[in-house]
**Q** 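Take a look at the following structure, please.
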Amino acid sequence: MPTKEPLGPALPVLIGAAVMLAMAMGLRQSLGIFLTPMTADIALSVSEFTLAIAIQNLIWGFTQPVIGAMTVRLGFRLPMVLGGVLFCIGLVLLALADGFLMVLLGAGVCIGMAMAATSSAMALAVSSRAVPASRRSLILGLVGSASSVGAMVAAPLGQAINSYTGDWRIGMVGFALLGLSVIPAAWIAGRIDRVHLPAHGGSDSLTARDALKAALRHPPFLVMSAAFFVCGMTLIFLLTHLPNYLAICGMDPMLSATALAIIGGFNIAGSIFFGWAGGRWNKQALLGIMYLCRAVILTAYFIVPPTPESTILFAGFMGFFWLGVSPLIAGSVIEMFGLRWQPMLQGVTFFVHQFGSFAGAFGGGYVFDLTGSYDLAWRAGVLIGAAAGVVQLTVALWRPPARPLPTAA
């Protein structure tokens, strides 16, 4: 078999998956720029806003494995398109919000469920099926980097509309209009339903329950999932609270939008690099190195008061080590268990990730309301992140033999 095969027939699917991921993740990652104007305009506290984001992450995590399992029977197109519709509904509810309930329904429930059908797990599962194994890791990195393109567009655009009009609701309407692009992109990516999967040992005959049992007995999978909890805690803390932290420190409001855009830009480089690297080196070891690097970068930034220059540098370094986890996690799940149950099992790892996201979003807001400072929150994040990196790297160097899914009885 040749090492390289043409990607022509797969390109529409890959482009659709990339656009869907770019808009869904980009808009969702940029919601933090509305925290300050929303809490100043309506009866909403910082902790209530972050509670809605935290609930979004929990709902996303709970529904991700379910939707992943459903794709085995229903295919990808239907849940992805419905997810795009639900995403737009959530943004419209936010634009009309006059209190906590509508923020909870829009940002928490609707967008949480929509993300489970339109974000990384689904986009990367679609992309994994569209390309040969020899090129899969790099393609996962390329498609995964698309979420950063969305953030580079959404964050500066939303902040510019807010600043120009003085009305955050108009900025949210702009987000809803951008969100409409998710629907046709999901439809095109859904062409993957026509592709038949190659056989992978006995996994094709397993039920969802059997596949889940096998994964939960596999130590590298469990360690990878637990470390992913810390990943979610750190990243969602930054996405949610960095704009407010910079505002408290007297920085220009555009700096937070610029920082989010720079994170998105360096996400592209990081995702492509780690997608490429994952095809050559131990994916688990690369994950451990990434978590350790994040802990060092967080310490260097938060240990002194921020400046525009330090914030830009922080955003660049953090962005490079941000999104590369996606192709590494997706590739690791495929190596362990094959393609058939990848959406569900990758959804399980993401379910754990989202508990960390809940802790990062709500915990950061709670600590801030309690102490008036983010110091305790970032210090806890550094310590837990460093520990996760050490454990992940230790397991990777131990490298127990892979255990494929068993054949159904």
Side-chain angles (χ1 to χ4, degrees), residues 4-30 67-68 71 74-88 114-155 157 175 177-197 261 264-276 278-279 322-324 326-331 334 339 342-343 346:
K4 291 187 177 182
E5 300 174 32
L7 294 179
L11 280 179
V13 171
L14 296 176
I15 292 172
V19 172
M20 176 185 74
L21 178 61
M23 289 295 97
M25 290 290 288
L27 292 170
R28 180 258 176 188
Q29 288 175 356
S30 303
I67 291 178
T71 62
L74 300 179
F76 285 86
R77 176 171 281 170
L78 179 60
M80 291 191 304
V81 169
L82 291 179
V85 173
L86 197 57
F87 198 101
C88 294
M115 291 303 293
T118 59
S119 62
S120 298
M122 296 288 277
L124 296 185
V126 165
S127 303
S128 298
R129 286 158 167 73
V131 296
S134 60
R135 308 177 78 172
R136 183 174 294 140
S137 187
L138 178 58
I139 293 298
L140 290 177
L142 288 167
V143 173
S145 69
S147 64
S148 303
V149 177
M152 291 174 67
V153 172
L157 178 62
F175 269 30
L177 293 176
L178 284 175
L180 289 173
S181 62
V182 174
I183 299 171
W187 180 269
I188 294 171
R191 292 183 183 181
I192 198 64
D193 291 339
R194 306 171 187 171
V195 175
H196 296 287
L197 294 181
F266 278 83
N267 267 341
I268 297 174
S271 181
I272 294 172
F273 171 78
F274 284 105
W276 170 83
W322 188 294
L323 195 61
S326 295
L328 296 178
I329 294 284
I334 294 170
L339 286 167
Q342 180 211 353
Q346 190 175 339

**Q** Would you give the length of the straight line joining atom CE of Met23 to atom CZ of Phe175, rounded to the nearest 0.5 angstrom?
**A**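 Those atoms lie 9.5 Å apart.
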**Q** Indicate the atoms forming the closest heavy-atom contact of Leu124 with Pro327, along with that distance.
**A**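 Here Leu124 and Pro327 meet closest at CD1-N, 4.3 Å.
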**Q** Which heavy atom of Ala24 sits nearest to which heavy atom of Thr118, and what is that distance?
**A**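 Minimum heavy-atom separation between Ala24 and Thr118: CB-OG1, 3.5 Å.
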**Q** Within the 4.5 Å heavy-atom criterion, are Val13 and Ser127 side-chain neighbours or not?
**A**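 The answer is no; the side chains never approach within 4.5 Å.
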**Q** For residues 76-88, which side-chain donor-acceptor pairs fall under 3.5 Å, sequence neighbours excluded?
**A**
| residue | atom | partner | partner atom | Å |
| --- | --- | --- | --- | --- |
| Arg77 | NE | Trp187 | O | 2.9 |
| Arg77 | NH2 | Trp187 | O | 2.8 |

**Q** Compare every heavy atom of Ala189 with every heavy atom of Gly16, then report the nearest pair and how far apart it is.
**A**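 Heavy-atom minimum between the residues: C-CB, 3.8 Å.
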**Q** Run Thr71 and Met122 through side chain to side chain contact (heavy atoms under 4.5 Å, CB included) and show every step you take.
**A** CA-CA 9 Å; Thr71 62; Met122 296 288 277; 3.7 Å; yes
**Q** Please round to the nearest 0.5 Å and tell me the distance separating atom CD1 of Ile329 and atom CG of Leu140.
**A**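 If I round to the nearest 0.5 Å, the distance is 12.0 Å.
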**Q** Determine the minimum heavy-atom distance between Ala123 and Leu21, stating which atoms define it.
**A**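 So the minimum-distance heavy-atom pair works out to CB-CB, 4.0 Å.
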**Q** About how many Å separate CE of Met20 and OG of Ser181, when rounded to the nearest 0.5 Å?
**A**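 These two atoms lie 11.0 Å from each other.
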**Q** Could you report the tightest heavy-atom contact between Ala185 and Val19, atom names first, then the distance?
**A**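 Answer, listing the atom of Ala185 first, then Val19: CB-CG1, 3.7 Å.
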**Q** Hey, what do you get for CG (Leu74) to CD1 (Ile67), rounding to the nearest 0.5 Å?
**A**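 That separation rounds to 10.5 Å.
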**Q** Atom CD1 in Ile188, atom CD1 in Ile183: separation rounded to 0.5 Å?
**A**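 Between Ile188 CD1 and Ile183 CD1, I get 12.5 Å after rounding to 0.5 Å.
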**Q** With sequence neighbours excluded, tell me which residues meet ring-ring contact (aromatic ring centres under 6.0 Å, His included) with Phe274.
**A**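 Residues passing ring-ring contact (aromatic ring centres under 6.0 Å, His included) with Phe274: Phe320.
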